[in-house]
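Per chain, numbering begins at 1; letters A, B, ... match sequence-line order. Worth knowing before you read on, the calculation uses all heavy atoms, side chains too, and leaves out hydrogens, waters and symmetry mates. Worth saying up front: this structure is predicted, and the values here are computed from it rather than measured.
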Amino acid sequence: MSETLLDIRGLKTHFHTFSGLVKAVDGVSFDVRKGEVVGLVGESGGGKSVIGFSILRLIEPPGRIEAGEILFDGEDLTKKSEVEIRAVRGGEIAMVFQDPMTSLNPVYTIGRQMDEMLQLHTELAEPARRARCIRMLEDVGISEAESRLNAYPHQFSGGMRQRVVIAIALLAGSRLIIADEPTTALDVTVQSQILKLMRRQISERGAAMILVTHDLAVVSEMADRIVVLYCGRVVERGRTEDVIAHPAHPYTRGLLDSIPRITDRQHRLRQIPGTVPDIRELGSGCSFRERCFRAQPLCAEKTPELAPVRQTLDAACHFPLEETKA
Amino acid sequence: MSFLSATDGITVLIGYLIKRLLQMALVLFAVSVIVFLMMSFTGDPVFMVIPIDSTAAEIEQARRLLGLDRSLLSQYWIFVTNLLQGDFGRSYVFRQPAMDLILERLPATIEMVLVAITLATVIAVPLGVFAGANPNRPISRGIMAGSLLGISLPGFWVGMMLIFFFSVRYQFLPSSGRGETVQFLGLRLSILTGDGWSHIILPAVTLALATLAIILRITRAGMMEVMRQDYIRFARAKGASRWHILFGHGLKNALIPVVTIFGLQLGDLIAFATITETIFAWPGTGKLLIDSIYRGDRPVIVVYLMLTAFIFVAINFIVDIVYTMIDPRIAVK
Ligand SMILES: Nc1ncnc2c1ncn2[C@@H]1O[C@H](COP(=O)(O)OP(=O)(O)OP(=O)(O)O)[C@@H](O)[C@H]1O
Ligand code: SF4
Ligand SMILES: [Mg+2]
């Protein structure tokens, strides 16, 4: 087993809003090892983006990291000063934001915004920085890269902007890339190209990636391990093959059943019934119980803790699913 | 205008300039009509130029001399053709070309206004950026409260208070006049002498106060909006410094309304520094305007208004060019 790069322990990030306390991330733990891709999945509002922002300490009031440790290479990022964390941001850890349309500053050229990353985190001279930017734009599939450096974001399509944002994240050789739905604006073929590129970049430099996505098909292809989030908590965590083939948590089962499958014609798409509850009003008990087909009285009384169900798989459920013989 | 070739760019630019010049001409034409009509309806200037005991025949003669006996249209025609030939009429009072009178005093006004607006901007923009980026900090609330004061205090009162404290009580700064001036490039300027500075500082501060408050509030509003944007967070995620995020990424996006207000205020201060100039006996155009209105010196008022219109139009043009330099999405067309 390779070395641990990032170790998140008991992370709690809460938003103190006017309408109540939003426990967006409420006791999340998982780790990322060098050379590995960890997929973060779950429905909208599960806390995936907030985890990403918490790692880089980009949470702003009314939000706050209330508890937990984020150990990166053994150092707790939550304890670093603003100046120290700035060297980590973009340098050690780079992030691709969820919305590619708005991540780029409209009043600066693409080239300048790429160069900023290199100026901040490398010692390279101008010609070398420029060459690296052009190379990276070509790598993410932008043609005529050299002349595009002088273009402004509004002259690019959404897909191209998303590639530029990915290029910026890959530019400075960060050891961890947090990619929040990095390919939403891209069509399927481009999407797999870009994902392959990211995967390659990661393994070439022994870096690691946290891949946030709704798309379980993408995760199963890309990720070594999967972390499933529901209402700010980890409900299941384990090796990709195990989670995909034999999920222990009813929520993961539901997510998997709602993916259309070409191989299985008779299989009707089953959406998880109900909707995500308002996380301001969660009391004790399992937060999935209203939607769960296995729910029992115990589920309303006691909040299930994340615990090993099988050797390579943890789940937070009182009545985990058995390993099915497929 | 994506990926235009250089020659295309130049053609676009020339077309734009021609269009703008035509627009400016149109505006000035409209102003000339309005000014002319206003003047025609506000009393008979003939009584300003003749002795009180003139006979009816003498009055009639003076009328003819001034061209007041003709039809309105032909009076306007003469007025405009004279303007176009650079003849802006003579002051009834000073018997000098009205334009010369104004141009002689314009440097005094402009130097005071430039000192005022520079002062205002240099203070207002950083404070506005700070207050916009940290809206909940007590200091920001203090800044905002102070700016409200700056907007609501009347300029003449502020001027008088400044005179009271700095000139009367502590006798620290002079209260009137331009002080020592030197000739520079044919202009008489105060800002090149220490004595001139000591004279300019109080009127400039008086003039700056309201502008400072307005620019501050506009900057703050813009920054509050901009700091919420994703690209600011993305810049932070890149590891950019706080300073660079505020003034590099943030301010430039908040600048369009600031530049707009700056232009309007600049024109406003140049054109209507009258009260401040009167209080501080600053021999600029504003004081000339007041005097000319008292004396019914119509040619001077007309030239003054036309010049003011021209200054506004010119500033507006420059502001539009600056827009395109700030925001690439605003293209010249
Ligand atoms: N600035 C904020 N203020 C208040 N609540 C917030 C804020 N940011 C996030 N939240 C809340 O935190 C919860 C988790 O949000 P998050 O964006 O992490 O979800 P997500 O899993 O990324 O969802 P999606 O798939 O839609 O991106 C949501 O309930 C959201 O409303
Ligand atoms: S704890 Fe109960 S309600 Fe929650 S997922 Fe497990 S079985 Fe369902
Ligand atoms: Mg998200």
Side-chain angles (χ1 to χ4, degrees), chain A residues 49 52-53 55-62 82-110 112-121 144 147-148 150-156 161 164-165 168-169 171-172 174 178 180, chain B residues 1-6 8-9 129 132-138 140-141 219 222-259 321-333:
Chain A
S49 298
F53 292 137
I55 295 170
L56 283 181
R57 291 256 307 276
L58 291 173
I59 301 291
E60 276 168 283
E82 185 61 26
V83 175
E84 288 168 337
I85 197 77
R86 243 176 29 219
V88 175
R89 288 181 189 145
E92 301 279 357
I93 306 177
M95 185 160 175
V96 178
F97 284 13
Q98 195 162 3
D99 191 348
M101 305 301 278
T102 55
S103 291
L104 296 171
N105 192 327
V107 301
Y108 290 119
T109 60
I110 301 297
R112 181 160 172 176
Q113 297 186 58
M114 295 183 76
D115 193 49
E116 185 183 6
M117 192 76 162
L118 291 176
Q119 279 189 27
L120 283 165
H121 302 291
E144 296 171 56
S147 67
R148 305 281 189 166
N150 298 321
Y152 288 93
H154 72 278
Q155 296 166 328
F156 277 22
R161 277 185 241 180
V164 171
V165 172
I168 290 176
L171 208 50
S174 306
I178 303 169
D180 196 349
Chain B
M1 49 165 277
S2 58
F3 312 122
L4 282 180
S5 74
D8 283 352
V129 167
N134 310 285
N136 296 322
R137 294 263 280 265
S140 304
R141 293 178 204 272
T219 308
M223 283 303 285
M224 281 181 73
E225 178 62 31
V226 167
M227 292 308 283
R228 276 198 285 273
Q229 303 297 316
D230 255 9
Y231 54 78
I232 293 294
R233 196 182 241 188
F234 190 62
R236 292 178 65 205
K238 283 170 157 181
S241 69
R242 178 93 181 138
W243 181 267
H244 180 66
I245 284 167
L246 291 183
F247 290 92
H249 286 277
L251 181 58
K252 199 171 177 201
N253 279 285
L255 220 45
I256 292 286
V258 177
V259 170
I321 300 282
V322 172
Y323 283 170
T324 66
M325 299 191 315
I326 293 173
D327 192 334
R329 288 167 298 182
I330 302 174
V332 294
K333 25 177 156 40

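Note that CG of B:Asn253 and OH of A:Tyr108 are 7.5 Å apart. Values are rounded to the nearest 0.5 Å. For the atom pair A:Leu104 CG and B:Asp230 CG, the distance stands at 10.0 Å (nearest 0.5 Å). Within the model, atoms NZ of B:Lys238 and CD1 of A:Ile168 stand 4.5 Å from one another, a figure rounded to the nearest 0.5 Å.
Comparing A:Val83, A:Ile93, A:Leu120, A:Leu56 by heavy-atom pairs within less than 4.5 Å of chain B, the highest count is held by A:Leu120.
With a 4.5 Å cut-off on non-hydrogen atoms, B:Ile326 touches chain A through its backbone but not through its side chain. In this structure, no portion of A:Leu171 lies under 4.5 Å from any heavy atom of chain B. Using a 4.5 Å cut-off between heavy atoms, A:Gln113 contacts chain B through both its backbone and its side chain.
Heavy-atom minimum distance, A:Pro106 versus B:Pro328: O-CG, 3.3 Å.
By the 4.5 Å heavy-atom criterion applied to side chains, A:Thr102 and B:Gln229 are not counted as neighbours. Between B:His249 and A:Glu116 there is a side-chain heavy-atom pair separated by less than 4.5 Å. In this structure, B:Arg236 and A:Glu60 have side chains that are in contact, with non-hydrogen atoms separated by less than 4.5 Å.
Partners of A:Phe97 according to the ring pair (Phe, Tyr, Trp, His ring centres under 6.0 Å) rule, which considers only residues two or more places apart in sequence or in another chain, are A:Phe53, B:Phe234.
Within residues 239-246 of chain B, the residues that have a heavy atom under 4.5 Å from a heavy atom of chain A are B:Gly239, B:Ala240, B:Ser241, B:Arg242, B:His244, listed by number.
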